[in-house]
Each structure stands twice: as C-alpha cells, then as structure tokens.
There are 2 protein chains.
Amino acid sequence: MAGDADRVADAATDPELACPTSAVVDIVFSRWTTPILWTLHTHGRQRFVELERLIGTITPKVLTQRLRQLERDGMVVRTYHPEVPPRVEYEITELGRSLAPLFAHLAEWASGNLDKVERARHDYDAVPSR
Amino acid sequence: MAGDADRVADAATDPELACPTSAVVDIVFSRWTTPILWTLHTHGRQRFVELERLIGTITPKVLTQRLRQLERDGMVVRTYHPEVPPRVEYEITELGRSLAPLFAHLAEWASGNLDKVERARHDYDAVPSR
DNA sequence: ATAGTCACTTTCCTCTAGGTACCTACTATA
DNA sequence: TATAGTAGGTACCTAGAGGAAAGTGACTAT
C-alpha cells in the first residue's frame, strides 16, 4: 500500500484524484449506463429482451456487459428464474434510485442551458478563421 | 426534417432520446472534461502549461483537443497574447460555472455512496461462481 | 421434424480515442 | 552556436471499446 506521502503526491499528479468527481463519472456516466438506469427507473423491473427493445440500438453483448457492471456496482439486481425458456429480470436498487435527484438536476441544467451550448457552438463555427 | 410521428419513433428507439440526460453527459462528462473544468474552477485562469502540470497525466495533444471542444461549447474562453514566447490563458465561463452546483451534487453523492459501491463490488467478487 | 423463445456467449471485425515522438516560429540567455 | 521556453500541430501506431452475426442449450409448440 502507498504511504501518506505517496497519496499526497498522487493527489497532485493523478487526474482521478485531482478531480473529486472522476470516480463517480466512471461509475455512473460510462457509456450506456445512463440509458439503462433511466429505463429501469421509469419502466420498472424489466426482462433482458424488453430492455433491449426499450433502449433500441444496444447489442445483446454490450447490454450484458453493462448490466453485469451495474450489478457489480450495486445499482441493479438480477433475478434468474430457471424456467424454459429462461427468464431473467433486472431491477434498479435503492442505491441506483439514489441517483434520481442527481439525474433530475442534470435534466434541469440541460433544459436551461442546452440551448446556450447550441448557440455557443453556432457562434464558434461561424468564425471562418478556424 | 422529421415529422412528429418520426420523432416519436425516434424517442422509442434512439438511446439519446430515450434518456433525457444523454445529451448533457456527452457534453459535460466526456473524457478529461471534468478534470479540466474542475481545475479551471478551483485554480482560476490558467496558462496551457500550468493546466498540463495541474492535471498531471494528460498529453498536450489531448489537452488541446479537449480545450477546443470546451471552448466551442462555451464552457471556456481562450485568450491569446501574441507575445514571444506566446502566452495563452484559459478561463471558465459563466456557463461553465453554472455547472458548479451540479458538480457539488455529484461530489456529495460520491461522499455518501461511493463506499456502498465499493462494498457491493467486494460482495460481488466474493461469490466464486462467477 | 422443425421452428421458436430467451438470455446470453463467442468470434470476428472496424473504428477511434489516445499515446509517442517530432516539428513550428521566435527570442532571450549562456 | 546551442539550448530553453511556449503553445500548440502533425504523422504514426496501438489497444480497447463496441458492433454484426452466428451459435448454444433446454424445452415447447406445431
């Protein structure tokens, strides 16, 4: 393990430690996780194929990968029913639900500021020198 | 452009539209943007090399790319001083600062729930069957 | 006998983000 | 003369993420 001196040095040089939100970003905002959590949050408990259909463009391989990761992180519970054909249900956990206000905050920022970003991009692109 | 019927169909099949936070996530939480914005927010106006040093592991090429993107999105202002050697300063904008409460919210969630994620991972990994 | 369902798994392939290393112009300094 | 400092640009390369498509196993319905 690293000593205190090392951890201080890390905090000065490691971007993960320099920004206190990096760890959360990796967990919550890695690719496909927001659509999955959002779908599970709004539509409730869902089967694999239902999730696939609701999200639309995700492939089964990637959906499995993301669900496993979310399960490991405690955001999602997987329930396997050994029937034929097999039935698996995914549900968002309490921990996953605790992200809801954060998502709402995000959506709120978006509704108020997304057009400003759009305008900034338009203005930037309007300058021919770049 | 697409009619209403098409937009409804899109909302059902396109993950970007299925989840109202996807657009913001792409803008705010793409790789390296949080450390950059965080550094600019806490340390104030900075020169290129200073940013490079503060963030630590980022390469100049990627730092340039991210800064250009953030500038285009209106999160950062670039001020070029045609001196020798050249001097360029980057500063966070009002729009960029408006993300601060969001980041604080994120950090707050992290401080209360990151250990739960850690525990969930530990428990998951403790089961030998996978 | 064949097809279909579900929840994946596996193989193969592509694409791109990101890293390394070198280049630019200009001046002050040793 | 040579080197350092500044803010990048550019060419090349690699690893890994992610997509497409087919396979799997166990059973059911036709």
Side-chain angles (χ1 to χ4, degrees), chain A residues 13-16 19 22 25-36 39-40 43 45-73 76-91 124 127 129-130, chain B residues 13-16 18-19 22 25-36 39-40 43 45-73 76-91 124 129-130:
Chain A
T13 55
D14 190 343
E16 307 296 320
C19 169
S22 288
V25 171
D26 286 346
I27 293 170
V28 180
F29 298 111
S30 61
R31 206 172 160 96
W32 289 116
T33 56
T34 47
I36 293 174
T39 304
L40 248 28
H43 290 80
R45 185 189 311 152
Q46 294 291 323
R47 305 180 59 171
F48 187 86
V49 199
E50 280 310 308
L51 272 178
E52 204 178 338
R53 279 199 264 265
L54 284 168
I55 296 172
T57 56
I58 198 170
T59 61
K61 183 187 118 180
V62 177
L63 182 54
T64 303
Q65 284 175 350
R66 297 295 111 184
L67 283 171
R68 286 287 188 285
Q69 180 195 321
L70 288 169
E71 193 196 354
R72 193 174 102 99
D73 290 347
V76 155
V77 213
R78 189 183 107 115
T79 314
Y80 177 76
H81 304 275
E83 311 166 355
V84 172
R87 188 162 57 91
V88 177
E89 287 180 321
Y90 294 92
E91 201 175 359
Y124 184 93
V127 178
S129 66
R130 37 202 178 194
Chain B
T13 55
D14 190 343
E16 307 296 320
C19 170
S22 289
V25 171
D26 287 345
I27 293 170
V28 181
F29 298 111
S30 61
R31 204 169 161 97
W32 288 116
T33 56
T34 48
I36 292 174
T39 303
L40 248 30
H43 291 80
R45 185 189 311 151
Q46 294 292 322
R47 304 180 59 172
F48 188 86
V49 200
E50 280 311 308
L51 272 176
E52 204 179 337
R53 279 199 263 264
L54 284 168
I55 296 172
T57 57
I58 198 168
T59 62
K61 182 188 124 185
V62 176
L63 181 55
T64 303
Q65 285 176 349
R66 297 296 111 185
L67 283 170
R68 286 287 188 282
Q69 180 195 322
L70 288 169
E71 191 195 356
R72 192 174 101 99
D73 289 347
V76 155
V77 215
R78 189 184 106 114
T79 315
Y80 177 75
H81 305 273
E83 310 166 356
V84 171
R87 187 163 57 91
V88 178
E89 288 179 320
Y90 294 93
E91 200 175 359
Y124 185 92
S129 65
R130 36 202 177 193

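Quantities reported herein were computed from a predicted structural model and do not represent experimental measurements. Throughout, a chain's letter reflects where its sequence line sits, starting with A, and its residues are numbered from 1.
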Discussion item. Under 4.0 Å from OP1 or OP2 of dG18(C): is there any side-chain N or O of Thr59(B) that close?
Written reply: no

Worksheet item: Could you give the CD-to-P distance, from Glu89(B) to dT6(D), as a whole number of Å?
Response: 13 Å

Worksheet entry | Any Arg31(B) side-chain nitrogen or oxygen under 4.0 Å from OP1 or OP2 of dT16(C) | no

Worksheet item: Hey, are the side chains of Thr33(B) and Val28(B) touching, using non-hydrogen atoms and a 4.5 Å cut-off?
Response: no

Worksheet item: Choosing from dG18(D), dA7(C), dA7(D), which nucleotide comes nearest the side chain of Phe48(B)?
Response: dA7(D)

Item to complete: Round to a whole Å and report the spacing from CG of Leu67(B) to C1' of dG9(D).
Response: 15 Å

Worksheet item: Got a second to check how far Glu71(A)'s CD is from Tyr90(A)'s OH, nearest 0.5 Å?
Response: 7.0 Å

Fill in: Rounded distance (Å) that lies between atom P of dA7(C) and atom CD of Glu83(A)
10 Å

Worksheet item: Taking all atoms of both residues into account, what is the closest heavy-atom pair of Arg87(B) and Glu83(B), and its distance?
Response: NH2-OE2, 2.9 Å

Discussion item. Please determine whether a side-chain nitrogen or oxygen atom of Tyr80(B) lies at a distance below 4.0 Å from atom OP1 or OP2 of dT6(D).
Written reply: no

Item to complete: Grab the two heavy atoms, one from Pro60(A) and one from Phe48(A), that are nearest each other, plus how far apart they are.
Response: O-CZ, 3.7 Å

Item to complete: Can you check each nucleotide of nucleotides 22-30 of chain D against protein heavy atoms at under 4.0 Å and return B for base, S for sugar-phosphate only, - for none, in 5' to 3' order?
Response: -----B---

Discussion item. Looking at dA7(D), I'd like to know if its phosphate oxygens (OP1 or OP2) sit under 4.0 Å from a side-chain N or O belonging to Arg78(B).
Written reply: no

Worksheet, complete the sentence: Considering only heavy side-chain atoms of Arg53(B), the closest of dT6(D), dG8(D), dG18(D) is dT6(D)

Practice prompt. Report yes if at least one side-chain N or O of Arg87(B) is closer than 4.0 Å to OP1 or OP2 of dG5(D); otherwise report no.
Written response: no

Item to complete: Could you verify whether a donor N or O on one side chain and an acceptor N or O on the other, from Gln69(B) and Arg66(B), lie under 3.5 Å apart?
Response: yes

Discussion item. Please check: side-chain N/O of Thr34(A) versus main-chain N/O of Phe29(A), any donor-acceptor pairing under 3.5 Å?
Written reply: no

Worksheet entry | Pair Arg78(A)-Arg68(A), side-chain contact (heavy atoms from CB on, under 4.5 Å): steps then yes or no | CA-CA 9 Å; Arg78(A) 189 183 107 115; Arg68(A) 286 287 188 285; 3.7 Å; yes

Worksheet item: Please give, in whole Å, the distance from dT16(C) C1' to Asp26(B) CG?
Response: 15 Å

Discussion item. Starting the side chain at C-beta, find the nucleotide from dA7(C), dG18(C), dG9(D) nearest to Lys61(B).
Written reply: dG18(C)

Discussion item. Rounded to whole Å, please give me the gap between CD in Gln69(B) and P in dT16(C).
Written reply: 15 Å

Practice prompt. Starting at atom CD of Gln46(A), determine the distance to atom C1' of dC6(C), rounded to an integer number of angstrom.
Written response: 15 Å

Item to complete: Name the closest nucleotide to the Arg47(A) side chain, picking from dA7(D), dG18(C), dC6(C).
Response: dC6(C)

Worksheet item: Is a salt bridge present between Arg53(A) and Glu50(A), judged by a nitrogen-to-oxygen distance below 4.0 Å?
Response: yes

Discussion item. If you compare every side-chain N and O of Arg68(B) against the phosphate oxygens of dG8(D) (OP1, OP2), does one of them come in below 4.0 Å?
Written reply: yes

Worksheet item: Atom CD of Glu52(A) to atom P of dT5(C): distance rounded to whole Å?
Response: 13 Å

Worksheet item: Taking atom P of dC8(C) as reference, at what distance in whole Å does atom CD of Gln65(A) sit?
Response: 13 Å

